[in-house]
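Report on one structure; see the data block that follows.
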Amino acid sequence: MKNIPQALTVHKKAVVIFFVVSAIICGILAMQLKVNYNLTDYLPNDAKSTIAIRIMEKEFTQTVPNARVMVSNVSIAQAQEYKEKLAAVKGVTEVLWLDDIVDVKQPLAMADQKTVQDYYRDDTALFSINIAKGAELSAMNSIYELIGDDNAMIGEAVNIGFAQKYSASETTKAFIILIPLIIIVLVLATSSWLEPILFLVTIGIAILLNMGTSVFAGEMSFMTQAISPILQMAVSLDYAIFLLHSFGRFRLQTKDVNMAMQLAMKESFSSILASAATTFFGFIALAFMKFGIGADLGLNLVKGIVFSFVSVMVFLPALTLFLYKYIDKTRHRNFIPDFKNIGKRILKLKIPALIVLVLVVVPVFLAQGQNTFIYGMGDSDAQTRSGVDANKINSKFGQSTPIVLLLPKGDPAKEFLLAQELKQQEHVTSVMSYATTVDAKIPSSFLDENITSQFYSENYARMIVNTDTVSEGDVAFDTVERVHETASIYYGDQYYSAGQSVSLYDMKEVVEVDTSTVNMIAVISIALVLLVTFRSLTFPILLVLTIETAIWINLSVSYFSNTAICYIGYLVISTVQLGATVDYAILLSNGYRQNRMSMPKKEAMMKTLSNHVISILTSGIILATAGFCLFLTSSLAMVADLGVLLCRGTILSMIMVIIFLPALLTVFDGIIGKTTWKAKFYKE
């Protein structure tokens, strides 16, 4: 380690060239990265809906209807023409309509009116269609071109199509807003116009290295693509700030620029490593989720932290030594006023702060455990095309979510009895199967394969149960459970089910188990890092309690405001807020420990706050701004929700560290001194 700083200062040109070339190559590779927009692909392989989808893809040409298309002002004949045109769209594998259930050549008044009105009412036709995986965007565009602006389309495939259409551009838009804001914050917090550019270039190269190397994993989730680059930049800019601030101090002590950088690298290495380690372990906890999107996001963020650490400790020193003369020429006065007396003012709040902490900690802990969750992508913005279309279709025909049952083939009479019982259930609007659509008494071998292939494969019978529920929520999940219970009466555990509500039901079952695992791993691993960093039993407890309380307050706001949270956002924020903002607590506590060796606790805390409040505010404002930009630019409810939680959570963490943590450290000062190895606290 002693020789690395010296080697970097000697070979700085080679280092800069290597990183720049590597970043260009990785930038090109990143453009080839495949993005997966389907949440159900990240369910475990042993989830029932996952097994059902595999069987259906193997046994049937049709799968689960994943979109609804509404066409107004059409007759029965015109609706059938639209059906043929929809079926001809590339990527559309199946189109279901009224003529698949009743004979539309006969007067519709003779048919079951409830069934008719599910598909055709007031000269308006509603088609259930299936769009093949990977073809969502192209098929969606073709269908919109076919039906025009006056008609509508909604469904899971449409949500995926819009995600494909906008997610990459929205990430770019977020950066366009975020980078100028970060530059403003950094200009205020530094003493050179050039330093903020060096920070952004360094972390920008780390982001390119991270995204480019992700191509070797095969694909990346849309969630990872949307938030990983922004989070990586927001949480790792601190490393660059630590290094250049240290470099600035050593330049005042020596005229040898290379020596100043070597000393800065040695001094800041442990601080940056500790900061990176807490974030690293916070993110790596996500990798232990059974729901694969957590592992995808967690591993990508972990890799990003490693690249950021390496870029700051290797590339930034070399780049700075190339440009230090320009840094000197672009010096400016300090724009932020002196916070010399801030410590005294904050310490006056010590007793009120502790009283507030004692009063709120239990209620917010209980409240955050009672939140209502959304497990899918969430509702579309009412102002977007998908939001407008959803209102059109739902106001005309109501909600509809199909459940597909795969049953052992060979007993049409049993299928008929099951279908009749399912029809009687609340929220089931219709059931399509061979037994109900054709006739259980007619052998399937007597009919054309085009008819029978919709319902029978070599081993399974396919039954579509249409429900009037949304895709998720208590009513939707209760309906899924009742359908499963009814199917099990006739087929035991020999049936399978699929559909958006079924997949989200499985997702709910999986991620709820993930919660305790992820949170436990994050808390324990970060506590161990703090234990090693401070060599203390008390510091880890107080620091983790401080940030966890901020997390509980953050999540309880959603409970008290009766706002549902996207569950993925909930899991991510539980680890990201802990891993990223515990750095503020480390910075403050480390400063207090050092000052406490030479002065009483009150004076030590006042000096610590005066020295570190600016650094905490700088880092926190950048991370909060990143969250706000995600909220501001994303049309995906899942990403926007995470942005809100990140912004609010970071602000709460800053408040907890600046106001509540000093109170805890000074009150428990005696215990800290006794439980910290070689504390050497100053004694009167």
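Quick note: numbers below take in every heavy atom, side chains included, and nothing from hydrogens, waters or symmetry partners. Keep in mind that this is a model prediction, so the values were computed, not measured.
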Which heavy-atom pair separates [X] from [Y] by the least distance, and what is that distance?
| X | Y | value |
| --- | --- | --- |
| Gly649 | Gln577 | O-NE2, 3.0 Å |
| Val235 | Ala580 | CG1-CB, 3.6 Å |
| Leu286 | Val518 | CD2-CG1, 4.3 Å |
| Ser556 | Gln368 | N-CB, 4.0 Å |
| Cys629 | Leu181 | SG-CD1, 4.4 Å |
| Gly212 | Leu29 | O-CB, 3.8 Å |

> So, for Tyr570 and Phe373, is the gap between ring centers shorter than 6.0 Å?
Replying inline: yes
Test item: [X] side-chain N/O and [Y] main-chain N/O as donor-acceptor pair under 3.5 Å:
| X | Y | result |
| --- | --- | --- |
| Asn36 | Phe222 | no |
| Ser228 | Gln225 | no |
| Asn519 | Ser574 | no |
| Thr278 | Ser275 | yes |
| Asn554 | Arg648 | no |
| Thr224 | Met220 | no |
| Ser311 | Ser308 | no |
| Glu170 | Ser634 | no |
| Glu219 | Lys34 | no |
| Lys173 | Thr633 | no |

> How about Arg331: does its CZ atom have over 12 heavy atoms from other parts shown lying under 6.0 Å from it?
Replying inline: yes
> Is it true that atom NZ of Lys508 has more than 12 heavy atoms of other residues, nucleotides or ligands lying nearer than 6.0 Å?
Replying inline: yes
Is [Y] close to [X] at the side-chain level, that is, under 4.5 Å between some pair of heavy atoms?
| X | Y | result |
| --- | --- | --- |
| Phe534 | Ile586 | yes |
| Glu195 | Leu186 | no |
| Leu542 | Ile672 | yes |
| Leu301 | Ile227 | no |
| Phe309 | Phe269 | yes |
| Leu237 | Ser619 | no |
| Tyr239 | Leu243 | no |
| Gln232 | Asn300 | no |

> Can you list the steps and then say if Ile374 with Tyr567 is a side-chain contact (heavy atoms from CB on, under 4.5 Å)?
Replying inline: CA-CA 6 Å; Ile374 298 169; Tyr567 203 90; over 6 Å; no
Once you round to the nearest 0.5 Å, how far does [atom1] of [X] lie from [atom2] of [Y]?
| X | Y | atom1 | atom2 | result |
| --- | --- | --- | --- | --- |
| Glu548 | Thr546 | CD | OG1 | 10.5 Å |
| Ile293 | Asn38 | CD1 | CG | 10.0 Å |
| Thr190 | Leu244 | OG1 | CG | 9.0 Å |
| Met233 | Asn210 | CE | CG | 12.0 Å |
| Ile284 | Ile305 | CD1 | CD1 | 11.5 Å |
| Asn590 | Leu530 | CG | CG | 11.0 Å |

Distance-only donor-acceptor pairs under 3.5 Å for side chains of residues 11-28, two or more places apart:
unit_1 : atom_1 : unit_2 : atom_2 : d
Lys12  : NZ     : Thr9   : O      : 3.4
Ser22  : OG     : Phe18  : O      : 2.8

Donor-acceptor side-chain pairing of [X] and [Y] below 3.5 angstrom:
| X | Y | answer |
| --- | --- | --- |
| Thr330 | Ser192 | yes |
| Thr50 | Asn45 | no |
| Ser246 | Ser268 | no |

> Which residues pass the ring-ring contact (aromatic ring centres under 6.0 Å, His included) test with Phe628, sequence neighbours left out?
Replying inline: none
>> I'd like to know if Arg251 and Asp256 make a salt bridge, using a cut-off of under 4.0 Å between side-chain N and carboxylate O.
In response: no
>> Tell me whether Glu136 is salt-bridged to Lys165, with the criterion being a basic N under 4.0 Å from an acidic carboxylate O.
In response: no
>> By the definition side chain to side chain contact (heavy atoms under 4.5 Å, CB included), identify the one residue from Thr575, Val544, Ile547 that meets it with Val523.
In response: Val544
>> Using the rule given for side-chain contact (heavy atoms from CB on, under 4.5 Å), can you reason through Met223 versus Val639, listing the C-alpha separation, both sets of side-chain angles and the distance that settles it, and then say yes or no?
In response: CA-CA 7 Å; Met223 186 80 169; Val639 176; 4.0 Å; yes
> Hey, mind stepping through Asp41 and Lys133 against side-chain contact (heavy atoms from CB on, under 4.5 Å) and telling me if it holds?
Replying inline: CA-CA 10 Å; Asp41 285 352; Lys133 179 181 174 183; 2.7 Å; yes
> Step by step, would you call Met638 with Leu642 a side-chain contact (heavy atoms from CB on, under 4.5 Å)?
Replying inline: CA-CA 6 Å; Met638 184 180 292; Leu642 177 60; over 6 Å; no
> Taking it one step at a time, do Ser653 and Thr581 satisfy side-chain hydrogen bond (donor to acceptor under 3.5 Å, both in side chains)?
Replying inline: CA-CA 6 Å; Ser653 289; Thr581 64; 3.0 Å; yes
